[in-house]
Amino acid sequence: MDLSYILNQLGEDREQYFNAVAPPIVQTSNFSFNSVADFRKAMSNEFEANLYSRGNNPTINILRKKLAALDGAEDALVFGSGVAAIAIPIIALLKSGDHIVCVENSYSWTIKLFTKLLPRFGVTCTFVDGTELKNFEAAIRPETKLIYLESPNTFSYELQDLAAIAQLAKSRGILTMIDNSYCTPLYQQPIKLGIDLVAQSATKYIGGHSDVVAGVVTGSKALLSKIFELEYMGIGASMAPQSAWLLIRGLRTLSLRLQRSFESTKIITARLQQHAAVDQVIWPFLPSFKQAELAHQQMQGCGGLFSFTLKNSSLQKIEAFCDALQHMLMAVSWGGHESLIIPAIATIAADDYDANNYRHQLIRMYVGLEDAEYLITDMEGALSALKP
Ligand SMILES: *Cc1c(COP(=O)(O)O)cnc(C)c1O
């Protein structure tokens, strides 16, 4: 399906709402019926009918159609956050005694889900270095029900070979799920590579304006309707119609925003690599990236998150650099219009800083929609203030 058609037209039936170009926010909790027969029909298929907005809603339906089509999936479910889009499918599809193989260095709350929440319900998890297929093979047990991936992750960007892992999982009857927030379906289409479920934090690139928290999962109708019937409805992590409307608006400019973020990141990472005060720059589309070949093989483009380290790195030096930035905001999250910086040292107690741990030295930058030169000037200014 044509990308422009999906973003501008798919799912929108304008004659239903006065030919308004922008869809309405159908701000209602419930829907009424003219006959018991119609009422009963809606009750029996809440996955598709408009009955109650914890399940379905016309504004949410427009969004679901677009997000499913972007992934080349049969359907999509949308959630009040990205973590709900990760947790609820797993809670729905696994049971006590089941085992998960998860790639290491995945999103912090994903790790907490697998190490703290699910074990309370008898589900265990093994974390593996995802850069080698054999590590997944070695970790699989008879009770393994899910292989969970995040490629790339959003701090050190290690990739997994999605097609190879999907093939391995299929041969063992194991379900696969990926967090595809970094690439979005525009730059990586895991379902086409054989992955079963694709989750995204829609808070990031899909929303794109740092004003909504939301999540999505796409996959087959069979899997999604199973998730919907009990856990989606029963845990109640649905999305508000207002959020769905903001995401539909975000989608209108998704390809433009991604392209801008991608192009600026190319320029900024190349310039930083040449800077005397910078040690390493880590971004999947840099020729120096360890898995650059795989990145170009399975990704059509690259998100605007990258990390770098300073030469002679120290806690004080990283702090001085970040504090000296004038235009880049220091904040969590990413995917909005504004460029952001987060040093790994902000996520640990200052006393825990280990000078020999390279992950502690990482400074993550998200490249937003500002002019690349404006951002480079800000970074160069902060770098030049550092003592060698
Ligand atoms: C932000 C993020 C999430 C969680 O999404 P929320 O919308 O914050 O719940 C999951 N995975 C990745 C990679 C993220 O960046």
Side-chain angles (χ1 to χ4, degrees), residues 46-48 52-57 60 63-64 67-68 71 73-104 106-128 136 139-151 153 165-166 169 172-181 190-191 195-204 213-240 243-244:
E46 222 180 324
F47 184 55
E48 280 164 329
Y52 188 56
S53 289
R54 171 151 44 79
N56 245 322
N57 171 288
I60 283 170
L63 178 67
R64 274 175 64 182
L67 291 171
D71 264 330
E74 283 177 14
D75 212 329
L77 280 178
V78 293
F79 299 81
S81 70
V83 296
I86 294 166
I88 289 182
I90 294 172
I91 292 168
L93 299 170
L94 272 65
K95 61 178 189 324
S96 177
D98 289 345
H99 173 251
I100 300 168
V101 177
C102 177
V103 65
E104 66 185 9
S106 44
Y107 183 66
S108 57
W109 286 98
T110 303
I111 296 174
K112 280 182 204 160
L113 171 71
F114 290 169
T115 56
K116 295 201 157 50
L117 198 154
L118 290 176
R120 279 173 31 207
F121 301 93
V123 174
T124 55
C125 180
T126 305
F127 291 91
V128 297
F136 289 93
I140 291 172
R141 300 182 199 159
E143 63 273 25
T144 302
K145 287 285 155 56
L146 174 72
I147 295 180
Y148 184 91
L149 308 171
E150 188 180 318
S151 181
N153 69 50
I165 294 166
R172 309 283 180 92
I174 299 169
L175 207 64
T176 47
M177 181 171 182
I178 187 172
D179 180 338
N180 199 36
S181 305
I191 286 180
I195 302 292
D196 296 310
L197 288 168
V198 181
Q200 277 183 86
S201 167
T203 311
K204 313 296 163 57
V213 173
V216 54
V217 66
T218 60
S220 69
K221 232 179 191 111
L223 280 176
L224 295 189
S225 62
K226 179 171 170 23
I227 296 164
F228 180 89
E229 292 301 329
L230 184 60
E231 289 76 10
Y232 183 89
M233 287 303 294
I235 295 173
S238 56
M239 180 185 283
S243 299

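The chain is numbered in sequence order, starting from 1. For the numbers below, each heavy atom of this structure counts, side chains included, while hydrogens, waters and symmetry mates do not. None of the values given here were measured: they were computed from a predicted structure.
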Y148 and I86: CA distance, side-chain angles, deciding distance, side chain to side chain contact (heavy atoms under 4.5 Å, CB included) verdict: CA-CA 10 Å; Y148 184 91; I86 294 166; 3.5 Å; yes
T144 and F136: CA distance, side-chain angles, deciding distance, side chain to side chain contact (heavy atoms under 4.5 Å, CB included) verdict: CA-CA 11 Å; T144 302; F136 289 93; over 6 Å; no
Test side chain to side chain contact (heavy atoms under 4.5 Å, CB included) applied to L113 and V83, step by step: CA-CA 9 Å; L113 171 71; V83 296; over 6 Å; no
Pair L118-I91, side chain to side chain contact (heavy atoms under 4.5 Å, CB included): steps then yes or no: CA-CA 8 Å; L118 290 176; I91 292 168; 4.2 Å; yes
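Of all non-hydrogen atoms in I60 and M239, the two that sit nearest each other are CD1-O, 3.0 Å. K95 and V123 get closest at one heavy-atom pair: O-CG2, 3.5 Å. Taking every heavy atom of both residues into account, A73 and T218 meet most closely at CB-CB, 3.7 Å. Listed here is the closest heavy atom pair of D71 and Q200: OD2-NE2, 4.4 Å. Considering all non-hydrogen atoms of both residues, P89 and A84 come closest at CD-O, 3.7 Å. Looking at every heavy atom in both residues, S53 comes nearest to S238 through O-OG, 4.1 Å.
Contact check for V216 versus L63: no side-chain heavy atoms found under the 4.5 Å cut-off.
The line from OG1 of T126 to CD of E104 is 12.0 Å long, rounded to the nearest 0.5 Å. In this structure, CG in L224 is found 11.5 Å from CD in E229, a value given to the nearest 0.5 Å. With values rounded to the nearest 0.5 angstrom, I174 atom CD1 is found 11.5 Å from I165 atom CD1. Considering CD1 of I88 and CG of L230, their distance stands at 10.5 Å, rounded to 0.5 Å. Annotation: the span from L146 atom CG to C102 atom SG amounts to 8.5 Å, rounded to 0.5 Å. To the nearest 0.5 Å, atoms OG1 (T176) and CD1 (I195) are separated by 4.0 Å.
In this structure a side-chain-to-backbone donor-acceptor pair under 3.5 Å is present from E74 to K221. The backbone N or O of Y107 lies less than 3.5 Å from a partner atom in the side chain of E150, making a donor-acceptor pair. Checked by atom type and distance alone, the side chain of D196 never pairs as donor or acceptor with a backbone atom of M177 at under 3.5 Å. Remark: the backbone N or O of M233 is paired with a side-chain donor or acceptor of R54 at under 3.5 angstrom. One N or O on the side chain of Y232 and one on the backbone of V78 form a donor-acceptor pair closer than 3.5 Å. Listed for the R64 side chain is a donor-acceptor partner under 3.5 Å among the backbone atoms of A76.
Within a 6.0 Å sphere centred on CZ of F47, other residues, nucleotides and ligands contribute more than 12 heavy atoms.
The side chain to side chain contact (heavy atoms under 4.5 Å, CB included) check on S201 picks up S181, T203, K204, with sequence neighbours excluded.
Checked against L197 for a side-chain contact (heavy atoms from CB on, under 4.5 Å), the options I178, N180, L93, I191 give a single hit: L93.
Under the 30°/60° scheme for interplanar angles, the aromatic rings of F127 and F114 are found to be tilted.
Between the side chains of T124 and H99, no donor N or O sits under 3.5 Å from an acceptor N or O.
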